[in-house]
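Scroll down for the structure; my scribbles are underneath it.
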Protein chains: 2
Amino acid sequence: MEPLAPTCSPAEHPGVRKQFPMPGTLAIERASRVCRALGEPARLRLMARLAGGECCVTELAEAEGEELSTISQRLRVLRAENIVVRRRRGKHINYSLADDHMSDLVSTVLAHASEPVEPVLKDDQQTEEEAKA
Amino acid sequence: MEPLAPTCSPAEHPGVRKQFPMPGTLAIERASRVCRALGEPARLRLMARLAGGECCVTELAEAEGEELSTISQRLRVLRAENIVVRRRRGKHINYSLADDHMSDLVSTVLAHASEPVEPVLKDDQQTEEEAKA
DNA sequence: ATTACAATTACACAACTGTGCAAGTATGAT
DNA sequence: ATCATACTTGCACAGTTGTGTAATTGTAAT
């Protein structure tokens, strides 16, 4: 449990040691919960669908080709993190994204995933500048 | 497994049915993997730290008060999703965020988590407009 | 009231994930 | 070559998570 103190001196670390103000435990906790909720293909698909407009559970189940109960469970997880919101519409319950932040998040991560893997600088390589230094 | 066809007609669903172009399976898969990687407090904290500048494993372990092996495993997960990149620096291996998308993602989700829960429109309520309609 | 449809929830089981310990690899110094 | 430091990985165990079936709740209509 107790980590040992490193023997490497601070001078060995040329990285920017700007001591970025770390977010509080609560913020980290909440943010990671949101990410985890989006961290499953099935749920992220649901989010992508909801980004196109609000839907009732039956619609979503039909679109996804899944059990109603399964969709409901997924929505439950999303709702627990305030990622989606629901509203009664007569016999149906319509779900939609909680706010603009959420559509931002979804589109950002999807945009990144759609991009080609940058072949510019592969892992474990050094830049040209570093090579001559 | 086979979902039953819903008996509710499309006319019942006033939501924007704009048939948003759904992202491909691959994009969804990759995006959700990224989210899942960020979906754990410990790993997200690591990301927040790396957002402040590149670090070696020992530094991170010391900062987090964790075993070196634990940090290494976390970095492994992040690296598997191309979220972070590593580079040898003599005796050390420095990790840093893979690209600008990643710092964007991290700061966006953290910003959202730091915000107060909007008290504007609670769940399962209807807007004023809808009340008179 | 009863009936029908929409959605949620409880439960149980399988699959996955994170962690620490211990062993292994890689680099630099002597 | 040996030694020490820095990091990674294999393994096993505990804790978590997603899914379907079946039972339950809630709403609207008759």
Side-chain angles (χ1 to χ4, degrees), chain A residues 1-13 15 32-33 35-46 54-62 64-81 84-95 123-124 126, chain B residues 1-13 15 32-33 35-46 54-62 64-81 84-95 123-124 126:
Chain A
M1 258 112 212
E2 276 310 309
L4 300 98
T7 52
C8 48
S9 69
E12 291 185 65
H13 310 294
S32 66
R33 290 175 72 87
C35 288
R36 182 167 41 181
L38 300 179
E40 223 200 9
R43 283 194 297 254
L44 190 57
R45 283 181 63 89
L46 239 44
E54 59 176 19
C55 292
C56 74
V57 188
T58 305
E59 275 184 295
L60 291 169
E62 185 186 19
E64 295 289 320
E66 299 264 16
E67 290 293 335
L68 205 63
S69 125
T70 304
I71 301 295
S72 186
Q73 294 274 32
R74 289 176 189 161
L75 289 169
R76 195 169 103 86
V77 174
L78 294 173
R79 206 162 80 90
E81 307 305 333
V84 300
V85 159
R86 71 174 170 184
R87 201 178 55 211
R88 269 226 167 251
R89 271 280 195 186
K91 204 184 282 191
H92 295 272
I93 293 181
N94 278 10
Y95 281 81
D123 203 22
D124 268 331
Q126 53 184 0
Chain B
M1 261 112 215
E2 275 309 310
L4 300 99
T7 53
C8 49
S9 69
E12 292 185 63
H13 310 294
S32 65
R33 290 174 72 86
C35 287
R36 182 166 40 179
L38 300 179
E40 224 200 8
R43 282 192 298 253
L44 190 57
R45 283 180 62 90
L46 238 43
E54 61 176 18
C55 292
C56 75
V57 188
T58 305
E59 275 184 296
L60 291 169
E62 186 187 18
E64 295 289 320
E66 299 264 16
E67 289 294 333
L68 206 64
S69 125
T70 303
I71 300 295
S72 186
Q73 293 276 29
R74 289 177 189 158
L75 289 168
R76 196 171 103 86
V77 173
L78 295 173
R79 207 162 80 90
E81 306 306 332
V84 300
V85 161
R86 71 173 170 183
R87 202 179 54 212
R88 269 223 167 254
R89 272 278 195 187
K91 203 185 284 191
H92 295 273
I93 293 180
N94 278 9
Y95 280 80
D123 203 24
D124 268 332
Q126 53 183 1

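Bear in mind that the values here come from a model prediction, so they are computed numbers and not experimental data. Quick note: numbers below take in every heavy atom, side chains included, and nothing from hydrogens, waters or symmetry partners. Below, chain A is the first sequence line, B the second, and so on; all start at residue 1.
Atoms CG (B:L44) and C1' (C:dG18) sit 16 Å apart, rounded to a whole Å. Rounded to an integer number of Å, the gap from CG of B:L78 to P of C:dG18 is 10 Å. In this structure, B:L75 places its CG atom 15 Å from C1' of C:dT19, rounding to the nearest Å. At whole-Å resolution of the value, CZ in B:R87 and P in D:dC7 are 14 Å apart. Atoms CZ (A:R74) and P (D:dG18) sit 10 Å apart, rounded to a whole Å. Put simply, CD on A:E64 is 15 Å from P on D:dG18, counting in whole angstrom units. Rounding to whole angstrom units, CD1 of residue A:I93 and P of D:dT25 are separated by 15 Å. The separation between B:K91 atom NZ and D:dA4 atom P is 12 Å, rounded to whole Å.
In this structure, A:R36 does not reach the D:dT16 phosphate: none of its side-chain N or O atoms is under 4.0 Å from OP1 or OP2. The side chain of A:R89 places no N or O atom within less than 4.0 Å of a non-bridging phosphate oxygen (OP1 or OP2) of C:dA6. Phosphate proximity of C:dA7 to A:R76: absent, as no side-chain N or O sits under 4.0 Å from OP1 or OP2.
A side chain to side chain contact (heavy atoms under 4.5 Å, CB included) with A:L46 is found for one member of A:V84, A:L75, A:L38 and no other, namely A:L75.
When each of C:dA7, D:dG20, C:dT27 is scored by its nearest atom to the side-chain atoms of A:E67, the top-ranked nucleotide is D:dG20. Taking the side chain of A:Q73 as heavy atoms from C-beta on, and the options C:dT17, C:dC5, D:dT19, the nearest nucleotide is D:dT19. For A:S69, the listed nucleotide lying nearest its side chain is D:dG20; candidates were D:dG20, C:dT19, D:dT9. Side-chain proximity of A:C56 to the nucleotides C:dT8, C:dA7, D:dT8 is greatest for C:dA7. Checked against C:dA7, C:dT9, D:dC7, the side chain of A:L68 finds its nearest nucleotide in C:dA7. In this structure, the nucleotide among C:dT19, D:dA6, D:dA28 sitting nearest to the side chain of B:H92 is D:dA6. You'll find that the side chain of B:Y95 is closest to D:dT8, out of C:dT17, D:dT8, C:dA7. In the set C:dA7, D:dT8, C:dT27, the nucleotide with an atom closest to the side chain of B:R88 is C:dT27.
A donor-acceptor pair under 3.5 Å links the side-chain atoms of B:R43 to the main chain of B:A37, judged by distance alone. Under a 3.5 Å cut-off, the side chain of B:E59 and the backbone N or O of B:C56 do form a donor-acceptor pair.
In this structure, A:E40 reaches the sugar-phosphate backbone alone: every heavy-atom distance under 4.0 Å involves primed, P, OP1 or OP2 atoms, never a base.
Using a 4.0 Å cut-off between a side-chain N of Lys or Arg and a carboxylate O of Asp or Glu, B:R74 and B:E40 do not qualify as a salt bridge. Taking the charged nitrogens against the carboxylate oxygens, B:E81 and B:R36 have no contact shorter than 4.0 Å, which rules out a salt bridge.
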